[in-house]
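To start, the structure under review is shown below, and the notes come after it.
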Amino acid sequence: MGQYVAPIRDMQFVLHELLQVEEELKQMPHYAEVDADIINQVLEEGGKFTAEVLFPLNHSGDREGCSHDKTTHAVTTPKGFKEAYKQYVEAGWGALSCSTEYGGQGLPLVLNNSFYEMLNSANQAWTMYPGLSHGAYECLLEHGTDEQKQLYLPKLVSGEWTGTMCLTESHCGTDLGMLRSKALPQADGSWLISGSKIFISAGEHDMSENILHLVLARVPDAPEGSKGISLFLVPKFLPNADGSVGARNPITCGAIEEKMGIHGNSTCQMNLDGARGWLIGQPNKGLNAMFVFMNAARLGVGMQSLGLTEVAYQNALVYAKDRIQMRSLSGVKAPEQAADPIIVHPDVRRMLLTAKAYAEGARAFTSYAALQIDRELHHPDEEVRKEAADEVALLTPVIKAFITDNGWIATSEAMQVFGGHGYIAESGMEQYVRDARINLIYEGTNTIQSLDLLGRKVLMDNGAKLRKFGAKIQAFVEENGTDEAMSEFITPLGDLGAKVSKLTMEIGMKAFQNPDEVGAAAVPYLRVVGHLIYSYFFAQMAKIALEKESSGDTFYKAKLATARFYFARLQPETATLIRQARSGSASLMALDADLF
C-alpha cells in the first residue's frame with residue numbers, strides 16, 4: 001500500500017538554510033538552548049514514528065472506518081488506532097511544543113509544525129484526534145481561568161485527554177450567529193447546556209479516557225447574532241478533584257457522518273441534554289476565545305493538505321520510475337525494456353513537478369508562519385511580537401485556502417500519474433484525493449478564507465498588513481535585482497508584487513461603490529496573493545541553491561529545477577486570476593435567481 005519517507009532533508013533545508021531558525025530562536029530566551037542538533041533529532045525520530053507506526057494504518061483505517069453503537073453511543077476507531085495513540089502519548093509527542101508549566105517539552109512551534117506535516121502525510125484521519133487537542137490546549141491557555149488551566153491542561157498536554165471544537169449546527173455552518181444551543185446558569189457556577197452539534201471531528205472515540213468539548217452556546221438574554229455567543233468547556237466525564245474521571249456527562253454521539261474521506265476519524269453528531277459545562281472567558285465573548293482554536297485549526301488544515309501533497313507525490317514518483325509505457329518521443333531511453341518508464345514523458349513530469357513544487361512551497365510558507373507564531377508568543381521585543389501577530393493574521397487564511405486548493409490539484413495530478421491504477425483503491429492514491437477534497441471545505445470554506453483575507457485582513461486596515469509583508473518582498477527584490485543569475489526569479493516576483501498592489505487598490509475603490517465587488521474578487525485575489533508568497537519563498541530558495549549548486553550536492557540542483565518549474569509553469573496562472581478578479585461582479589449578479 002505505497003510508502004512514506006519523511007522529507008527530512010528538505011525540512012532541514014527550510015529550517016536551517018532558508019529560515020535560519022537556530023539564530024532566530026536564540027533571540028527568544030524561551031528557546032535560547034534549542035539548537036540544530038535538537039531539531040534534527042526530533043525530525044529523525046518523528047520520521048520513524050510516522051512512517052513505521054501511523055502510515056501502515058492509513059489505508060486500513062480508511063477501509064474499516066469508525067463504528068458507532070446506537071445503544072451506548074460509544075464509537076470504536078479502526079484497528080490499531082488506539083494502540084498507535086498509546087505509543088504517541090508514551091513517547092511524549094503531544095507535549096512537544098506545550099508549556100513546561102503543564103508538563104510539556106517547551107520546544108518551538110516551528111519544530112512541532114514539521115512534525116505535524118509528517119503526521120498528516122502518514123495518516124491525516126488519525127492525526128485529527130491529537131491535532132484538535134492542541135487547539136483546545138491553546139484556547140484554554142489563553143482564555144481559561146487558573147483553575148481550568150491547572151485541572152485540564154496537564155491532561156491535554158500528556159494526551160490522556162483529548163479535545164474537540166463544537167461549533168456547527170444543522171441550520172448554520174459559517175454563520176454562527178444563528179446557533180441555538182442554550183446554556184443555563186447553576187448555583188455552583190457551572191452551566192447546563194442543551195443543543196445539537198454536527199460535523200464534530202473526533203467528537204467521540206475510544207482512544208483517550210476523557211474528551212474535552214469546547215462548545216458554543218447562548219446564555220439567557222444574550223444579544224442576537226454573533227455578539228451573543230459564549231464558549232463553554234464540557235467534559236465527556238466530569239473530573240474529580242484529584243483529576244480522575246468521574247460521572248458521565250450527558251453529551252453523547254447520536255451518529256457518525258457518512259463522508260467521502262477521512263473515514264478513520266469519527267465525524268460526529270453530538271447531542272447535549274443538560275450537559276454540565278464551565279464558561280471560558282466572558283459571557284457573550286465566546287467567538288473571541290474560540291477564534292484561538294479556529295485559527296489554530298485553519299493552520300492545521302493547511303498542514304493536512306501539505307502532508308497529503310507530499311505523500312501523494314512520493315508514491316507517484318516511485319510509480320513513474322517503475323511503470324513502463326510507450327517510448328520517449330525523443331528516442332528510446334530504456335532499450336533493455338519493452339517500453340520506457342513513464343517518467344520520461346513530459347506531461348508525467350509536469351504532474352510530478354506540480355506536486356513537488358506545491359509541497360516545497362507550502363513547506364517553506366508554513367514553516368515561516370510557524371516561526372512567526374513563535375516570535376509573536378516569545379520574542380522579548382513588544383514591537384516584534386505585534387508585527388509577527390499582524391503577519392500571522394494576514395497569512396492564516398492564505399495557508400488554509402491556498403495550500404488546500406493546491407493539495408487538491410496535487411493529489412489529483414499524482415493519482416493521474418497512475419492512470420487506471422490510480423482510481424483503484426489498492427494503489428491508495430484515490431484516498432489521498434478524497435481526503436484532500438474535504439480540506440477545502442471544513443474549518444471555514446476557502447471562499448470564507450478569501451473573504452477574510454480581502455475584506456478583513458486587507459481592506460479593513462487599508463492594506464497596512466499587506467504593505468508590511470510586501471515591503472519584505474520589495475527589499476529582497478532590490479537586494480538581488482542586479483544579480484543576473486537571479487533575474488529569472490526576481491523579475492516575475494517584482495512584477496507580481498506590483499500587480500498585487502495595483503489590484504488591491506482597484507478592488508478597494510470599487511468596493512466603496514458596491515460591496516459585492518469584494519465577494520466577486522475574493523477567491524482569485526487570495527490565489528494571486530498565495531502565488532506572490534510562494535514566489536517570494538521560491539526566489540529565496542533559488543538564491544541559496546545557486547550559491548551551493550557547485551557543492552556537488554544534487555539536492556541544490558533539484559531545488560533549483562523545482563523553482564524554475566514553479567516560475568515557468570505555475571506562477572503564470574496569476575495573469576488569468578488577475579483578469580478574473582478585475583472582471584467585477586456584474587457578470588455574476590446580473591442574472592435573476594429565477595432564471596438560473
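Note that the numbering runs from 1 along the sequence shown for the chain.
- Note on Lys48 versus Glu45: salt bridge recorded, some NZ/NE/NH1/NH2 to OD/OE distance being below 4.0 Å.
- Looking only at atom types and distance, the side chain of Gln304 has a donor-acceptor partner in the side chain of Tyr442 under 3.5 Å away.
- By the 30° and 60° cut-offs, the orientation of the rings of Tyr85 relative to Trp126 is tilted.
- Contact annotation: the side chain of Leu353 never approaches that of Arg569 to less than 4.5 Å [non-hydrogen atoms, C-beta and beyond].
- For residues 483-493, the side-chain hydrogen bond (donor to acceptor under 3.5 Å, both in side chains) pairs, not counting sequence neighbours, are Glu488-Arg564.
- The aromatic rings of Phe55 and Tyr4 are tilted relative to each other, their planes meeting at an angle between 30° and 60°.
- For Asp452 (side chain) and Ile448 (main-chain N/O), no donor-acceptor pair under 3.5 Å exists by modelled atom type.
- Annotation: side chain of Phe476 is in contact with side chain of Ile490 (closest heavy-atom distance under 4.5 Å).
- Counting heavy-atom neighbours within 6.0 Å of Met260 CE, excluding the residue itself, gives a total above 12.
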**OP:** Assess whether salt bridge (charged side-chain N to carboxylate O under 4.0 Å, His left out) is satisfied between Glu17 and Arg9, documenting all intermediate values.
**Re:** CA-CA 11 Å; Glu17 299 180 63; Arg9 178 67 181 90; 3.6 Å; yes
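- Taking the six-membered ring for Trp and thresholds of 30 and 60 degrees, His531 and Tyr358 have ring planes inclined between 30 and 60 degrees apart.
- Within the structure, ring pair (Phe, Tyr, Trp, His ring centres under 6.0 Å) contacts touching residues 371-398 (residues at least two apart or in different chains) are His30-His378, Tyr31-His378.
- Partners of Phe418 according to the ring-ring contact (aromatic ring centres under 6.0 Å, His included) rule, which considers only residues two or more places apart in sequence or in another chain, are Tyr319.
- With salt bridges taken as basic N to acidic carboxylate O contacts below 4.0 Å, none links Glu391 and Lys468.
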**OP:** Start with the C-alpha distance between Phe402 and Phe365, add both sets of side-chain angles, then the distance that settles ring-ring contact (aromatic ring centres under 6.0 Å, His included), and finish with yes or no.
**Re:** CA-CA 11 Å; Phe402 190 61; Phe365 181 19; 7.7 Å; no
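- Looking only at side-chain heavy atoms (C-beta outward), Leu119 and Trp93 stay at 4.5 Å or farther from each other.
- Every pair passing salt bridge (Lys or Arg N to Asp or Glu O under 4.0 Å) that includes a residue from residues 352-375 is listed here, sequence neighbours excluded: Asp10-Arg363, Glu24-Arg375, Glu117-Arg363, Glu310-Arg363, Lys356-Glu360, Glu360-Lys559.
- Note on ring orientation: taking the six-membered ring where Trp is involved, the planes of Tyr137 and His134 are tilted (angle from 30° to 60°).
- Remark: the Glu478 side chain and the Gln474 side chain contain an N/O donor-acceptor pair separated by less than 3.5 Å.
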Below 3.5 Å, can you tabulate the donor-acceptor pairs from side chains in residues 288-298 to any protein atom, sequence neighbours excluded?
| from | atom 1 | to | atom 2 | distance (Å) |
| --- | --- | --- | --- | --- |
| Asn295 | ND2 | Phe291 | O | 3.2 |
| Arg298 | NE | Glu443 | O | 3.2 |

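- One N or O on the side chain of Ser501 and one on the backbone of Gly497 form a donor-acceptor pair closer than 3.5 Å.
- Scanning for ring-ring contact (aromatic ring centres under 6.0 Å, His included) contacts around Tyr102 gives an empty result, with sequence neighbours left out.
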